[in-house]
Amino acid sequence: IHIAVFAFLTLAKLETPQLPKPENIEVVILDAPPAAQPEDKKEQKIIKKQKKKEKQVVQQNDRALNQERPDENYFLSKNNQRVQKQTQAKSHGDFKNDAGLGQNGKSKAHKAKQKVSKQDFKLENGSKIKQFLPKYTYSSAKNFDVDEAGKGQKSQSNDYLKNIEEGKQTVLNTREFVYYAYYERIRGKIRRYWEPVIKSKVKHVFETGRKIASVDHKTAVIITLDKSGSLINVQVVDGSGVRDLDEAAIEAFKSAEPFPNPPDGIVESDGKIRINWNFILEA
């Protein structure tokens with residue numbers, strides 16, 4: 001009997017299913033960007049290379065303080081310009097430099113005093129002296145932001161200039177960018193759509209009980225256009241951490257396209273145009 005019972009217990013023990021040992025499982029919720037990743041490996045490499053060589057394009061006056069080309073720490077813009085100290089206007093809005101200064105670094109009152117009638121340039125023998133406009137160089141641009149320049153309207157800019165000190169106007173080291181005009185056309189079209197969309201998205205976030213951290217949120221995208229300027233794809237390469245903000249960037253490009261008449265020089269060998277663009281919601 002003992003042997004039978006022992007055998008039965010032993011058999012029962014062998015047939016009893018063993019529960020697996022508990023494991024610590026970490027669940028991570030990824031907020032994946034809404035834009036699809038390109039399946040083509042060649043396309044991925046091109047986009048990765050494109051992101052590495054990005055340089056910020058900023059708005060600038062039609063006329064620069066000078067035509068000197070900065071060596072380093074520069075932005076891309078309409079003209080070459082080198083200044084001793086870079087500053088940005090405190091106010092945000094459509095670009096303008098109106099803090100009582102002319103576009104060449106002199107106050108409006110000073111420029112008015114420089115106006116001379118034509119007869120002042122006429123000599124006694126009847127000949128005329130050609131009027132030369134002053135050329136402001138690096139040394140004359142250093143006092144561009146002094147308080148004595150006079151009062152005027154507020155200067156403002158929408159460029160994101162994180163490490164540039166605030167001043168009366170936006171004055172930066174820039175290098176001439178041959179495709180500046182095309183980028184400005186894109187910027188103008190996108191702003192009309194992105195600003196109302198982002199306001200709506202932020203309002204929706206708060207209405208649903210969520211919060212947005214008090215840090216700057218950047219959505220970095222690469223847009224792909226065909227050679228006619230029509231949108232092929234918008235890819236989020238660096239999300240902001242808030243899906244609504246990333247969606248606003250994508251919606252803005254989809255609403256604003258096409259971007260016609262792109263310059264031939266930015267069309268790549270595969271017939272496509274790839275442009276890096278950052279959308280930033282400042283805290």
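Counting from 1, the numbers follow the sequence of the chain as shown. Please read all numbers here as calculations on a predicted model, not as lab measurements.
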Subject >> Minimal non-hydrogen separation, Gln67 against Ala64, with atom names >> reply: NE2-CB, 4.1 Å
**OP:** With side chain to side chain contact (heavy atoms under 4.5 Å, CB included) as the test, would you mind laying out the steps for Ile273 and Ile223 before giving the verdict?
**Re:** CA-CA 8 Å; Ile273 301 167; Ile223 62 168; over 6 Å; no
Original post:
Given side chains that start at C-beta, do those of Lys201 and Glu251 come closer than 4.5 Å, heavy atoms only?
Top reply: yes
Subject >> Verdict with supporting geometry, Gln81 and Val171, side chain to side chain contact (heavy atoms under 4.5 Å, CB included) >> reply: CA-CA 9 Å; Gln81 176 173 279; Val171 188; 3.9 Å; yes
Subject >> Residue pair Asn79 / Tyr180, side-chain heavy-atom distance below 4.5 Å >> reply: no
Subject >> Distance-minimising heavy-atom pair for Gly229 and Tyr182 >> reply: CA-OH, 4.2 Å
Original post:
Should the heavy atoms of other residues, nucleotides or ligands under 6.0 Å from CD of Glu165 be counted, would the total exceed 12?
Top reply: no
Original post:
Could you state the interatomic distance from CZ (Arg274) to CD1 (Ile266), rounded to the nearest 0.5 Å?
Top reply: 12.0 Å
**OP:** For Pro260 and Arg185, work out which heavy atoms get closest and say how close.
**Re:** O-NH2, 3.0 Å
Subject >> Spacing of Leu281 atom CG and Lys218 atom NZ [to the nearest 0.5 Å] >> reply: 14.0 Å
**OP:** For Lys189 and Pro258, indicate whether the former's side chain and the latter's backbone hold a donor-acceptor pair under 3.5 Å.
**Re:** yes
Subject >> Side-chain donor/acceptor of Lys90 to backbone N/O of Glu166, under 3.5 Å >> reply: no
Original post:
Under a 4.5 Å cut-off applied to non-hydrogen side-chain atoms, are Asp226 and Val267 in contact?
Top reply: no
**OP:** Indicate the atoms forming the closest heavy-atom contact of Asp216 with Lys162, along with that distance.
**Re:** OD2-NZ, 2.9 Å
Original post:
Is there a side-chain contact between Phe279 and Asp246, using heavy atoms and a 4.5 Å cut-off?
Top reply: no
Subject >> Side-chain cluster (under 4.5 Å, hydrophobic types only) that Ile232 belongs to, other residues >> reply: none
Original post:
Do Val221 and Gln235 come close enough that some side-chain heavy atom pair is under 4.5 Å?
Top reply: no
Subject >> Distance, nearest 0.5 Å, that separates CD of Gln88 from OG of Ser155 >> reply: 12.0 Å
**OP:** Give a yes or no on whether Leu76 and Ile190 share a hydrophobic cluster (residues Ile, Leu, Val, Met, Phe, Trp, Tyr; joining criterion: side-chain heavy atoms under 4.5 Å apart).
**Re:** yes
**OP:** Check whether Ile250 and Val197 end up in the same hydrophobic cluster, where Ile, Leu, Val, Met, Phe, Trp and Tyr are linked by side-chain heavy atoms less than 4.5 Å apart.
**Re:** no
Original post:
Roughly how far apart are Asn158 CG and Ile280 CD1, rounded to 0.5 Å?
Top reply: 11.5 Å
Subject >> Side-chain heavy atoms of Asn80 within contact of Glu68, under 4.5 Å >> reply: no
**OP:** List the atom of Lys78, the atom of Gln60, and the distance in Å for their closest heavy-atom pair.
**Re:** N-OE1, 3.3 Å
Original post:
Glu257: what forms a side chain to side chain contact (heavy atoms under 4.5 Å, CB included) with it, not counting sequence neighbours?
Top reply: Ser230, Leu231, Phe259
Original post:
Judged by atom type as modelled, is there a donor-acceptor pair below 3.5 Å linking the side chain of Gln156 to the main-chain atoms of Asp94?
Top reply: yes
Original post:
Is the Lys NZ or Arg CZ of Lys254 less than 6.0 Å from the centre of Tyr193's six-membered ring, within 45° of the axis?
Top reply: no
Subject >> Distance, nearest 0.5 Å, that separates OG1 of Thr208 from CG of Asp244 >> reply: 7.0 Å
Subject >> Sidechain-backbone polar pair: Ser240 side chain, Thr219 backbone, donor-acceptor under 3.5 Å >> reply: no
Subject >> Closest contact, heavy atoms only, Arg69 versus Arg82 >> reply: O-CD, 4.2 Å
**OP:** Using atom types as modelled and distance alone, determine if a side-chain donor or acceptor of Asn173 lies under 3.5 Å from a backbone N or O of Glu72.
**Re:** no
Subject >> Phe95 and Thr170: CA distance, side-chain angles, deciding distance, side chain to side chain contact (heavy atoms under 4.5 Å, CB included) verdict >> reply: CA-CA 9 Å; Phe95 181 84; Thr170 301; 4.0 Å; yes
**OP:** State yes or no: do Phe206 and Val215 share one hydrophobic cluster built from I, L, V, M, F, W and Y residues joined by side-chain heavy-atom distances below 4.5 Å, directly or via other members?
**Re:** no
Subject >> Verify same cluster id: Val236, Ile212 (apolar side-chain graph, 4.5 Å) >> reply: yes
Original post:
Considering only heavy atoms from C-beta outward, does the side chain of Lys55 approach that of Tyr74 to under 4.5 Å?
Top reply: yes
Original post:
Between CG of Leu225 and NZ of Lys227, what distance do you get to the nearest 0.5 Å?
Top reply: 14.0 Å
Original post:
Would you say the side chain of Arg187 lies within less than 4.5 Å of the side chain of Asp159, judging by non-hydrogen atoms?
Top reply: yes
Original post:
Is it true that Glu195 and Arg191 have a side-chain N and a carboxylate O under 4.0 angstrom from each other?
Top reply: yes
Original post:
Ile164: which other cluster members, linking ILVMFWY side chains closer than 4.5 Å, directly or transitively?
Top reply: Val58, Phe75, Leu161, Leu172
Subject >> Test side chain to side chain contact (heavy atoms under 4.5 Å, CB included) applied to Val57 and Phe177, Tyr179, Trp277, the passing residue >> reply: Phe177
